[in-house]
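Quantities reported herein were computed from a predicted structural model and do not represent experimental measurements.
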Amino acid sequence: SGPGRFFAASKRLFLIAPFSLLAAGATSPAQEVPSGNPAAIAPVVVTARRTPEVLSATPVSVTAVTEQNLFNADVLTVKDAAIYAPNVFMNEFTARKLSNPYFRGIGASPANPGVTTYLDGVPQLNANSSSLEFTDIEQVEFVRGPQSTLFGRNALGGVINVVSRKPSARWESDVQGEYGNYDFGDVRLRVSGPIRQGETALSLAGGFTTRSGYTENDFTGHDLDSREAWFGKGQFLWTPTERWDLRLLLSGERARDGDYALGDLQEIRNRPHHVSHDYEGYTHRDIIAPTLLANYGGERVDFAFTSGVVWWQTHDRTDLDYTPMPAAIRDNQEENVQVTEEFRFSSAKDTPLVLAEDFNFKWQAGALVFTQNYDQDAVNLLNFPFAM
C-alpha cells in the first residue's frame, strides 16, 4: 500500500473582453442638499454605471455601503459588507481564497464567476483574489442584475465595486485595534497627507489580523480553521492640473489560513463545529496588485484609463476524505497573472447633451482588454487500501 498520484493538471487562458458602448438618456439633474438644513442627508455618489452619479438618480439596483457605515459596523471584509445588501450571499468555504458571491441566486465557479468583484476598477476574475481584507476603503457598491453592457463578461448576476479612499489633502492618521474571543486580534493603521499641497499626496495603510479556528478536530483535539493575514496598500496621487488626476496604487496580502472545516453533513448537524480529520492541512495565499488610474474631466468629454496587474499564488493541502481514515490527501497549487487595460470616453459630468428642455442625453463608450495566465498543479494522494 502507499500513496498514488491520481491527478495533475495545468492550463493557460487568454481572454479578451468585447468592445462596449452605452447610450443612457433621459436623466434629470441631481438635487443638492439644502444648505443650513440640519435634517438633510448628503447624497450618496456611486459609480454603478461607470461614471459618478447620485444613488437616488441611478436606474439600477444598487446598495452602497459607505465609509461611515463600514466604520460604524466594523466591516472588515466584502463578506461582512454583503450583509447590508438584499439578495446578496457570500459563500465562504472556510478559507478566504474560496469566497463566491451570489446575487439573486446567480453565481458560478471560482475560475468563472457570475458576479465579478472590481477593486478600484480592476476586475478580479477568480475567487482567489476577490475577497481581501479592507484597507483604506471608501465605499463598497453591490450592483445587482446583469451588468455586461458596461462591465463585460462575468457580470451576469451583478458586480461588487470596491473603491479606495483617495490620499488626503491634509495630514491625518488613524489606528484601529480589536481583541475578542477565539483569540481574535486585529490591528489596522493609516497615514495620509500632501507631499506638495494641491499637486501630490500620499497614503499608506496596512494591518494584521488573526484568530483561532471555530471548528475542533476531534481526532487531534486541535482547532482546524484558523486565520492569519498581513495586508497593506500604498497610494500616490498626482493632480498636475484641475482637470487631470493620476493615482498609483499598490496593494498586497499574505494570508496563512488553516484547513477546510468539512466533514459528514449529518455528523456536523449533530455536533456543529466538530469534524474528525487524520490530516490537518492549510490554505496559503499571496497577492500583489499594482493599479494605475487616470481621469480627465473636460468641458465636453471626460476620459478615464485603468491599467491593472493582479498576481496571486495559492497553496492548499487538505484531508480529502475528511474522515479519521488515512485515505486521501489533496495538494493543490495555483498561480495566476492577470493584466487589464481599459479606457473610456463619456459625456462631461456637468454638461450632458441637451436635446430638449427636459431631456438630457449622456453617453459613454470604451473598451476593456485583458489577458490571464493561469496555472494549476493538483495532486490527489490516495492510500489505496483505505481509499477502495
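The stretch residues 303-328 participates, sequence neighbours left out, in these salt bridge (Lys or Arg N to Asp or Glu O under 4.0 Å) pairs: Lys97-Asp316, Arg317-Asp331. Among pairs with a residue in residues 193-211, those fulfilling salt bridge (Lys or Arg N to Asp or Glu O under 4.0 Å) read Arg196-Glu199, at least two apart in sequence or across chains. Pairs engaging residues 251-262 under the salt bridge (Lys or Arg N to Asp or Glu O under 4.0 Å) rule: Arg96-Asp257, Glu253-Arg285, Arg254-Asp286, Arg256-Asp286 [sequence neighbours left out].
With sequence neighbours excluded, the residues that form a side-chain hydrogen bond (donor to acceptor under 3.5 Å, both in side chains) with Glu178 are Gln176. Residues satisfying the ring pair (Phe, Tyr, Trp, His ring centres under 6.0 Å) test with Trp171, not counting sequence neighbours, are none. Contacts of Trp230 classified as ring pair (Phe, Tyr, Trp, His ring centres under 6.0 Å), with partners at least two apart in sequence or in another chain: Phe208. Applying the ring pair (Phe, Tyr, Trp, His ring centres under 6.0 Å) rule to Phe89 yields no partners; only residues at least two apart in sequence or on another chain are considered. In terms of the ring pair (Phe, Tyr, Trp, His ring centres under 6.0 Å) criterion, His274 has no residue partners (sequence neighbours excluded). Residues satisfying the side-chain hydrogen bond (donor to acceptor under 3.5 Å, both in side chains) criterion with Thr66, sequence neighbours excluded, are Asn69.
In this structure, Phe71 stands alone, with no Ile, Leu, Val, Met, Phe, Trp or Tyr side-chain heavy atom under 4.5 Å from its own, directly or through other members. Tyr282 belongs to no hydrophobic cluster, as no Ile, Leu, Val, Met, Phe, Trp or Tyr side chain comes under 4.5 Å of its own.
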Donor-acceptor list for residues 245-252 side chains, cut-off 3.5 Å, not counting sequence neighbours:
{"unit_1": "Arg247", "atom_1": "NH1", "unit_2": "Gln235", "atom_2": "OE1", "d": "2.7"}
{"unit_1": "Ser251", "atom_1": "OG", "unit_2": "Ala289", "atom_2": "O", "d": "3.4"}

